[in-house]
Number of protein chains: 2
Amino acid sequence: MVLSKACTYGILASLYVARESSRSKDYVSIGKMSKELNISFHFLTKILQQLTSAGILVSMKGPKGGVALKRDPKEISLVDVVVAIDGMGLFTDCLLGLPGCGEEKPCPVHGEWDGIRANLFHTFRGKNLEETAKSIDELNLRFALPAGAEVDREDSG
Amino acid sequence: MVLSKACTYGILASLYVARESSRSKDYVSIGKMSKELNISFHFLTKILQQLTSAGILVSMKGPKGGVALKRDPKEISLVDVVVAIDGMGLFTDCLLGLPGCGEEKPCPVHGEWDGIRANLFHTFRGKNLEETAKSIDELNLRFALPAGAEVDREDSG
DNA sequence: TTATTTAGAGACTATTTTATCTTATTTTTG
DNA sequence: CAAAAATAAGATAAAATAGTCTCTAAATAA
C-alpha cells in the first residue's frame with residue numbers, strides 16, 4: 001500500500017472541503033462529510049486534526065462549525081496533504097527500506113526507484129486542490145468510498 | 001510504505017540466493033543468509049516459504065540443506081518476488097483505495113497514478129535476479145540491513 | 001541406525017494501524 | 001445564562017503486520 005488509509009481519507013476530505021468551499025464560504029461539517037464520503041466520523045475527525053495542525057485546514061467548534069481550507073486551494077497540492085499525514089518517507093526513503101541508501105552507497109534498485117519517486121513527487125506536487133476538486137464535477141469522478149464500507153449505527157429500532 | 005517489510009526482505013533474500021548461486025550450486029543456508037542480511041531467522045524462513053510455494057525457490061532439509069532458485073535467475077524478475085509476497089495490488093489498485101476505480105469511473109488521480117504504476121511495473125519487470133545480483137558485486141551496492149537492526153540473542157554468558 | 005543439522009509449521013507475542021466510544025470544550029442560538 | 005450543536009481529546013478495541021519461540025520432519029553423516 002503506497003498511502004496509508006488515513007492519508008487517502010485525508011486526500012478525499014481535502015478535495016471535499018475544496019469542492020464545498022467553491023460553493024459557499026461556510027465551514028464544512030465533518031458529520032456531513034463523513035456521511036457523504038462514507039468515512040468513519042471519529043477517524044475522519046482525527047485525520048482532519050492532523051491537517052489542521054499541519055496548517056492546511058482551520059476548524060471552528062459549535063453550531064455552523066466545521067473545517068475550512070486555511071490557504072487558497074490553488075496553493076495547496078496533494079503532496080502537502082500526503083506529507084501532513086504520512087510524512088516525506090514516500091518521497092525520500094529507500095524502496096527496500098535500507099537506511100543510508102543514497103547516491104554514495106545505493107541499493108540494487110536505487111536508480112530506478114529514485115526516478116519513479118521523483119516522478120510521483122512532481123506529478124502530485126503539480127495537482128492542487130482547486131483544479132482537482134473542480135475536475136470532480138466536470139468529469140463526474142469517483143471520490144467517495146462505497147456506501148456500507150463503514151457501518152451505519154443509527155438503524156431503525 | 002510501498003512494499004511491506006516482508007516483501008523487501010524477500011527481495012534481499014532472492015538477490016542473496018541469486019548471488020550465491022552464481023558461485024556454487026549448493027543450497028543456500030537460511031541461517032547464514034539471515035546473519036549476513038541481518039534479518040530475523042524465523043521471520044525470514046516464513047518469507048522464503050512463501051517464495052517456495054510461489055515457485056520461485058526450492059528448499060531442502062537436513063545438513064547441506066537450504067534454499068535455491070527454482071528457475072534460471074535470468075527468468076525471475078523483481079516483480080515476480082513482489083507479487084509472490086505482496087500480491088498484485090501495487091500494480092492494479094487505486095492510489096486512493098477506491099474500489100471500482102478505473103477508466104469508466106476514475107478517481108481524481110487515476111490518470112496520474114496509472115502512468116506511474118505502469119512505469120513501476122515495467123521498470124521492475126525488467127530487472128531480473130541474475131543481472132541485479134551481479135551488479136551488487138560489480139558496483140559494490142548496499143543490500144543488507146545494518147547490523148543490530150535485529151537483536152542477536154547468542155550473547156556472552 | 002542414531003545423532004546432528006537444517007527447513008517446516010504453528011502457536012504465541014509485540015507493534016502499528018485502523019476504528020470506535022466516551023467525555024470535554026467551544027460556539028451559537030434562544 | 002442555559003441548551004444545543006459541533007469539534008477536540010483521550011481511552012479503548014480490533015485488525016493487520018512484524019517478529020519470536022517451540023516443536024516437528026526430513027536429510028546427512030558418523
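Sequence lines set the chain letters: A, B, ... in the order given, protein chains first and strands last, and positions in each chain run from 1. A quick note: this is a predicted structure, and the numbers were derived from the prediction, not measured.
Contact check, B:Ser40 against D:dT20: a side-chain N or O comes under 4.0 Å of OP1 or OP2. Taking only side-chain nitrogens and oxygens, B:Gln49 never comes nearer than 4.0 Å to OP1 or OP2 of C:dA7. Within the structure, every side-chain polar atom (N or O) of A:Tyr9 is placed at least 4.0 Å from both OP1 and OP2 of C:dT18. Within the 4.0 Å cut-off from OP1 or OP2 of D:dG19, at least one side-chain nitrogen or oxygen of B:Lys5 is found. In this structure, A:Ser59 reaches the D:dA8 phosphate: one of its side-chain N or O atoms is under 4.0 Å from OP1 or OP2.
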Quiz item: Given the rule in the salt bridge (charged side-chain N to carboxylate O under 4.0 Å, His left out) test, do A:Lys134 and A:Glu138 qualify, once you have shown the distances and angles that lead to the verdict?
Solution: CA-CA 6 Å; A:Lys134 196 178 297 178; A:Glu138 290 176 354; 5.5 Å; no
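Comparing C:dT22, D:dT22, C:dA7 by their nearest atom to the side chain of B:His42 picks out D:dT22. Comparing atom distances between the B:Ile30 side chain and each of C:dG8, D:dT28, C:dT29 picks out C:dG8 as nearest. Which of C:dT25, C:dG8, C:dT4 sits closest to the side chain of B:Lys61 comes down to C:dG8. With D:dT20, D:dA11, C:dT28 as the choices, the nucleotide that has an atom nearest any side-chain atom of A:Lys46 turns out to be D:dA11.
Salt-bridge check for A:Lys32 with A:Glu36: passed, with a basic side-chain N closer than 4.0 Å to an acidic carboxylate O.
Remark: the backbone N or O of A:Ser21 is paired with a side-chain donor or acceptor of A:Lys25 at under 3.5 angstrom.
Here the C1' atom of nucleotide D:dA18 and the CZ atom of B:Phe41 are 17 Å apart, to the nearest Å. Remark: P of C:dA19 and CD of A:Gln50 are 13 Å apart, rounded to the nearest angstrom. Atom CE of A:Met33 and atom P of D:dA5 are 19 Å apart (whole Å). The CE-P distance, from A:Met60 to D:dA8, rounds to 10 Å in whole Å. Residue A:Phe43 contributes atom CZ, which lies 12 Å from atom C1' of C:dT16 at whole-angstrom precision. Between B:Ile47 atom CD1 and D:dT20 atom P the separation is 11 Å, expressed in whole Å. In this structure, B:Asn38 atom CG and D:dA18 atom P are separated by 18 Å, rounded to whole Å. For A:Leu145 and C:dT18, the CG to C1' distance is 13 Å, given to the nearest whole Å.
Comparing A:Pro63 and A:Leu3 against DNA chain C, the residue whose closest nucleotide sits nearer the 5' end is A:Leu3. When each of A:Met1 and B:Ser29 is assigned the nucleotide of DNA chain C with its nearest heavy atom, B:Ser29 is the one assigned upstream, toward the 5' end.
The aromatic rings of A:Tyr9 and A:Phe43 sit perpendicular to each other, their planes meeting at more than 60°, with 30° as the lower class boundary.
Linking ILVMFWY side-chain heavy atoms closer than 4.5 Å, directly or via other members, places B:Tyr27 and B:Leu37 in two distinct hydrophobic clusters.
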